[in-house]
Amino acid sequence: MKGVVFSFKKSEFGKGKRRVRQITFGDIRYIAKRYRIKIIFVLLLFIGLASGSAYAQNADTPMLNSLDFLFTTNLDARMSQNIVGIFSACFASDFIFLFTVFLLGLTPWGIPVMPFVILFKGFGTGITAGYLFLTNSLMGVGFYLLVLLPGTFLFCIALVMLTAHAFYFSKRMFFYTVGNALPKHPLRQGVISFCSRLMSSLIMTFCAALIDAVLWTLFAGAFNF
């Protein structure tokens with residue numbers, strides 16, 4: 001009888017205990033090795049973001065207006081648009097970056113250019129954030145965090161993911177071009193997979209532009225710049 005009670009208590013207490021697996025150095029090394037390209041592009045994005053934020057104090061109005069097609073640097077022009085115009089402007093600027101990366105992925109020489117695309121995206125985003133902080137102080141920070149950051153964050157994820165796949169496909173194209181051996185896998189299958197990745201990134205970009213348009217319409221008017 002004691003043995004039955006003891007085994008029952010042991011099983012009941014054992015259910016409540018869950019073993020927490022600790023993250024080891026081997027796990028970190030495995031993650032870094034598996035996702036190293038994505039990690040590198042994320043770091044490049046942050047480098048561009050920091051550089052753009054630092055350069056924002058030297059940016060003048062003509063330069064900001066010229067970059068408004070790719071980045072949100074002209075707030076007055078953006079606030080005067082309706083929700084459809086805001087959505088179109090946001091989606092068009094993001095689509096340019098995605099389509100550029102897609103075209104670079106289809107070329108054997110696209111790898112050296114891709115980091116500059118990521119850096120430029122981070123640089124423009126940093127200019128917008130730095131300019132809002134310098135000209136509007138805490139109100140500018142609140143505007144960026146509430147209105148601009150959600151859509152920008154989602155698009156940056158889409159851009160990094162597509163760029164990583166474009167990197168591997170461009171690398172594959174390079175070895176197909178310089179090598180004499182026939183490819184082990186059909187190139188058509190790789191193109192279809194790459195196009196599928198583009199469609200996924202376009203869906204995320206569509207959602208990011210929609211978030212931007214809704215947040216601009218709902219909250220932009222509450223900030224007096």
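Side chains included, hydrogens not; waters and symmetry mates left out as well; all remaining heavy atoms used.
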Heavy atoms from other residues, nucleotides or ligands near NZ of Lys38 exceed 12 (cutoff 6.0 Å): yes
Cluster question for you: counting only ILVMFWY and a side-chain heavy-atom cut-off of under 4.5 Å, with indirect links fine, are Ile203 and Met161 together? no
With distance as the sole test, does Ser53 use its side chain to make a donor-acceptor pair with the main-chain N or O of Leu49 at under 3.5 Å? yes
Rounding to 0.5 Å, atoms CZ (Arg197) and OG (Ser200) come to a distance of 7.0 Å
Backbone N or O of Cys90 within a donor-acceptor pair of the Ser93 side chain at under 3.5 Å? yes
Could you give me the CA-CA distance, side-chain angles and deciding distance for Phe155 and Leu98, then say whether side chain to side chain contact (heavy atoms under 4.5 Å, CB included) is met? CA-CA 10 Å; Phe155 171 70; Leu98 284 184; 3.8 Å; yes
Do Arg172 and Tyr176 have side-chain N/O donor and acceptor atoms under 3.5 Å apart? yes
Report yes or no: do Ile37 and Phe116 belong to one cluster of Ile/Leu/Val/Met/Phe/Trp/Tyr joined by side chain heavy-atom distances under 4.5 Å? no
By the salt bridge (charged side-chain N to carboxylate O under 4.0 Å, His left out) test, which pairs, at least two apart or in different chains, include something from residues 85-96? Asp94-Lys121
With a 4.5 Å limit on heavy-atom distance, are the side chains of Phe174 and Val178 in contact? yes
With side chains defined as the heavy atoms from C-beta onward, is the minimum distance between Thr125 and Tyr144 less than 4.5 Å? yes
For residues Phe97 and Ile118, determine if any side-chain heavy atom of one lies less than 4.5 Å from a side-chain heavy atom of the other. no
Side chain Thr217, main chain Ala213, donor-acceptor under 3.5 Å: yes
Do Phe91 and Asp212 have side chains that get closer than 4.5 Å, going by heavy atoms? no
Which pair of heavy atoms, one from Leu106 and one from Met173, lies closest together, and at what distance? O-CE, 3.6 Å
List the residues meeting side chain to side chain contact (heavy atoms under 4.5 Å, CB included) with Thr107, not counting sequence neighbours, and say none if there are none. Trp109
Let me confirm one number: the CG-CG distance from Leu198 to Leu202, rounded to the nearest 0.5 Å. 4.5 Å
Trp216 and Leu148: CA distance, side-chain angles, deciding distance, side chain to side chain contact (heavy atoms under 4.5 Å, CB included) verdict: CA-CA 8 Å; Trp216 270 90; Leu148 296 180; 3.4 Å; yes
Tell me if the aromatic rings of Tyr131 and Tyr55 count as close, with their centers under 6.0 Å from one another. no
Check Ala208 against Leu154 and note the closest heavy-atom contact, atom names and distance. N-CD2, 3.7 Å
So if you build clusters from Ile, Leu, Val, Met, Phe, Trp, Tyr with side-chain heavy-atom gaps below 4.5 Å, do Leu103 and Phe95 land together? yes
Say you draw a straight line from CD1 of Ile83 to OG of Ser88; how long is it, rounded to the nearest 0.5 Å? 10.5 Å
Worked check of side chain to side chain contact (heavy atoms under 4.5 Å, CB included) between Val117 and Leu104: CA-CA 10 Å; Val117 176; Leu104 290 173; 3.9 Å; yes
Shortest non-hydrogen contact from Ser201 toward Leu162: OG-CB, 3.4 Å
Quick check on the 6.0 Å ring-centre criterion: do Tyr168 and Phe194 meet it? no
Are the side chains of Phe41 and Leu159 in contact, using a 4.5 Å heavy-atom criterion? no
One should read off an interatomic distance between Thr205 OG1 and Met199 CE, to the nearest 0.5 angstrom, of 10.5 Å
Can you name the nearest heavy-atom pair linking Pro150 to Leu215, along with the distance? CG-CD1, 3.7 Å
Phe153: what forms a ring-ring contact (aromatic ring centres under 6.0 Å, His included) with it, not counting sequence neighbours? none
Are side-chain heavy atoms of Ser170 and Met114 found at a separation under 4.5 Å? yes
Could you walk me through whether Phe143 and Asn136 pass the side chain to side chain contact (heavy atoms under 4.5 Å, CB included) check? CA-CA 9 Å; Phe143 180 84; Asn136 302 287; over 6 Å; no
